[in-house]
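Everything on this sheet refers to the single structure shown next.
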Amino acid sequence: MRKLGGVRAPHRKGTADSAPRPIPIPPEIRLPMSMHIGAPAKPIVKAGDTVQVGQLIGEAAGFVSSPVHASVSGKVKRVDEYDAVTGLGAASVVIESDGEQTPYDGLRAPELSDMKSFLDAVRDSGVVGLGGAGFPTAVKLTVKDVSAVDYILINGAECEPYITSDTRTMLDETEMLEEGALLLQKYLGVKSIVFGVESNKPGPIKKLTEFASRRDGIEVRTLPALYPQGGEKVLIYQITGRRVPEGKLPLDIGVIVLNCTTLTAIVKYIRTGMPLVSKCVTVDGSAVINPGNVVAPIGAPLAALFDFCGGLKDDVKKVLMGGPMMGIAVPDTDMPVLKATNAALAFSEKDALLPAETPCIRCGRCVSHCPMGLAPLEFERTYRLKKPELLEKYKVNLCMECGCCAYSCPAKRMLVQYVKLSKIMLREYQAAQKAAAEKKEAAV
Amino acid sequence: MNGLTVSVSPHIRDGATTRRIMLDVLIALVPAAVASVVIFGARAALVIAFCAAACVLLEAAYERALGRGITAGDLSACVTGVLLAFNLPVSIPLWQAFVGCVAAIILVKQLFGGLGKNFANPAITARIVMFLAFSVTMTKWTGGGGLFGETYDAVTGATPLTMIAQGNTGALPEITDMLLGVRGGCLGETSVLALALGGAYLVARRVITWHTPAAFILTVLAFTALLGREPVYQMFSGGLFLGAIFMATDYVTTPQTAAGRLIFGLGAGLITVVIRVYGSYPEGVSYSILLMNILTPYINRLTVKKAFGGARA
Ligand code: SF4
Ligand code: SF4
């Protein structure tokens, strides 16, 4: 078996024991229509409309899309056509909350009878990949031939430092995970459900094993605490030994991966009819006064989460949505919590300092740590040489931007930056190639 | 709240820096430096200090003249200086050592764009330049004194490799002396034990991997055994340990993957033996490393790791 690279990033899971507490409902929330991969949802409310918690406000626009529901009760203040705050480039609905959190009276638990009704329920729940990817879950589960699916893997690796929201899901909502696994077995007909959890989470492993040992086809696998075990391809390989070939999906090798919180969100909808409207978010980092886990309505500004956790220290210099390895640094704390947001981290000046870049010394650390077996040092050089055909050869498209390379680089090269730039260059090149080929074909 | 830093992920980095790596290399060189002073006398310390200082100052002066940032803080010039000194006889006139430093820092390193850009190992190349320019002083194994002065005097005339080349195997020192380094040779290359200690430190600190040194040294051992040419002496003599552990593992000029490093070590070992046995020089480590430096880009291309799940590269 090939040993995949990775890094022993610090764990810093200090909030693992902090049971999530709900934050006070903020006076105003913002729900972007594009919190998922695929077509943005279509807003179906307008300024002045009254909405209640769980009410549909954005319709899924097509197959690869996801509906959006009001996370607070109150009045629609406006629908921004171009969303400058989130930069997501689609509309967003701003709701002024009335603080009542009145549930929508049209909520009904879905009736399940077969695979189709189950998938419809998943679609209507508004659930997307909550591990961070945000891919619509219903699309992932819609499989032409279920008999070709050998495993559904439930991702509880939570390999990013600081984040403990999935840990809390596994500890606090264990029975929902059990129910979810049974639902998957029943309605999708997939026999084998495997939970993958990093070894640094003995609590969740114990709780999951308790029910798994009583059930047929449900298994818990302990993964090494080596970032990025939670990366989809890494997780699949560690648990099943299968490799996702270039340009293919996990489904093509008979595997589906769901994040554990994704699964509980589906179960919540199936139990109560309440779609995905709130998230457990880990609030941590050196600039947070009282770090802890919180439950926040989707669309709440990050500032509301930080305020609830005692506020930010004066020397705050960097705010992240997501973990320190792959999270996005945001320009201000107005940014709303998205469906896939699992952490809001704030760091003081000394942790936000950018290390000085020195010349690459060709030490090969980036190569040996890359889980995908790539040569990150070549991306920067090749990008600067403007050689997209070489980038293709170096397989920059296989990079999952996990950051292991830059993390371990002694010269502190911003390798992920060059990966992103290289991917754009390669995409443009490939599009141009394709266009040229088509033109030639048309001419013939 | 204003002025949050927006930067690309990852937002945390591990503690490794270029400076720390170079510092580890310097630490690993300490045992051999101490051995050289014990074996060859105080002048060894003078040569080492002189070369290190000259390399650092030359680099700073060059960067200053070109208006570039001074990079002396990364300690790489210091490493080059010490390694160059290790490759010189203790009796080398300092002005000649200075010429070597100029060759290493200016010619090989800076003219190619500084750290990370040179294709050949600066210390190795400088040694070869000096060998060609100052062939008399570069092969004069006398002078110094040191703790083992008398024992050492017995072998002043020739290095073990010269003895083997001349068929004078009867005069070879004891194996224990070979291990300790009490023999003729460049000042930092003789104490195999001290060098191996440094190498172990570097492997333990994960600064280098075992691949190149092991492949290099074992290839020399196996190949000379095959040829029936005093394999054990071949292994312990000349600059083999110094070259295999400290020069053939130079990041910039050697391959990045384990497979590439094995190929590098194997190739360098073979070339070393060919030069030693069939060439007119008794020693071939420097040339073999330089040749493999030149081949490194090709080795890198040959040994690109197969991407995980990737189609044929
Ligand atoms: S880890 Fe950094 S210094 Fe080392 S080869 Fe990669 S890019 Fe260069
Ligand atoms: S090249 Fe991509 S996949 Fe490899 S370590 Fe860097 S970010 Fe991760």
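Throughout, protein chains are lettered first and strands after them, A, B, ... in sequence-line order, and every chain is numbered starting at 1.
Atom CD1 of A/Ile328 has 12 or fewer heavy atoms from other residues, nucleotides or ligands within 6.0 Å. At most 12 non-hydrogen atoms from other residues, nucleotides or ligands lie less than 6.0 angstrom from CZ of B/Arg206. The number of heavy-atom neighbours closer than 6.0 Å to CZ of B/Arg20, taken from other residues, nucleotides and ligands shown, is above 12. Taking a 6.0 Å sphere around NZ of A/Lys387, one finds it holds 12 or fewer heavy atoms contributed by other residues, nucleotides or ligands.
Across all their heavy atoms, B/Pro10 and A/Tyr407 have their closest contact at CG-N, 3.9 Å. The nearest pair of heavy atoms linking B/Thr5 to A/Ala352 is CG2-O, 4.3 Å. Heavy-atom minimum distance, A/Val330 versus B/Leu4: O-CD1, 3.7 Å.
A 4.5 Å side-chain heavy-atom check between A/Lys318 and B/Ser7 finds at least one atom pair inside the cut-off. Here the side chains of A/Arg365 and B/Ile21 are in contact, with some heavy-atom distance below 4.5 Å. Side-chain contact check for B/Asp14 versus A/His369: every heavy-atom pair is 4.5 Å or farther apart.
No part of B/Arg19 comes within reach of chain A, as not one of its non-hydrogen atoms sits under 4.5 angstrom from that chain. Using a 4.5 Å cut-off between heavy atoms, B/Asn300 touches chain A through its side chain atoms alone. Proximity to chain A is limited to the side chain of B/Thr257, based on heavy atoms less than 4.5 angstrom apart.
Counting heavy-atom pairs closer than 4.5 Å to chain B, the top-ranked of the candidates A/Leu4, A/Leu320, A/Val416, A/Ile361 is A/Ile361. When the candidates A/Gly364, A/Ala406, A/Gly323, A/Pro324 are compared by the number of heavy-atom contacts under 4.5 Å with chain B, A/Pro324 comes out ahead. In terms of heavy-atom pairs under 4.5 angstrom with chain B, the leader among A/Cys363, A/Pro245, A/Ser408, A/Pro359 is A/Cys363.
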**OP:** Kindly indicate, with the supporting measurements, whether the criterion side-chain contact (heavy atoms from CB on, under 4.5 Å) is fulfilled by A/Thr358 and B/Leu115.
**Re:** CA-CA 9 Å; A/Thr358 55; B/Leu115 181 63; over 6 Å; no

**OP:** Show your reasoning for whether side-chain contact (heavy atoms from CB on, under 4.5 Å) applies to B/Ile12 and A/Arg12.
**Re:** CA-CA 12 Å; B/Ile12 50 173; A/Arg12 303 199 182 140; 4.0 Å; yes

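Interatomic distance, A/Gln417 CD to B/Ser9 OG, rounded to the nearest 0.5 Å: 9.5 Å. Going from atom CG of A/Leu345 over to atom NE2 of B/His11 covers 9.0 Å, rounded to the nearest 0.5 Å. To the nearest 0.5 Å, atom CZ of residue B/Arg13 and atom CE of residue A/Met414 are 7.5 Å apart.
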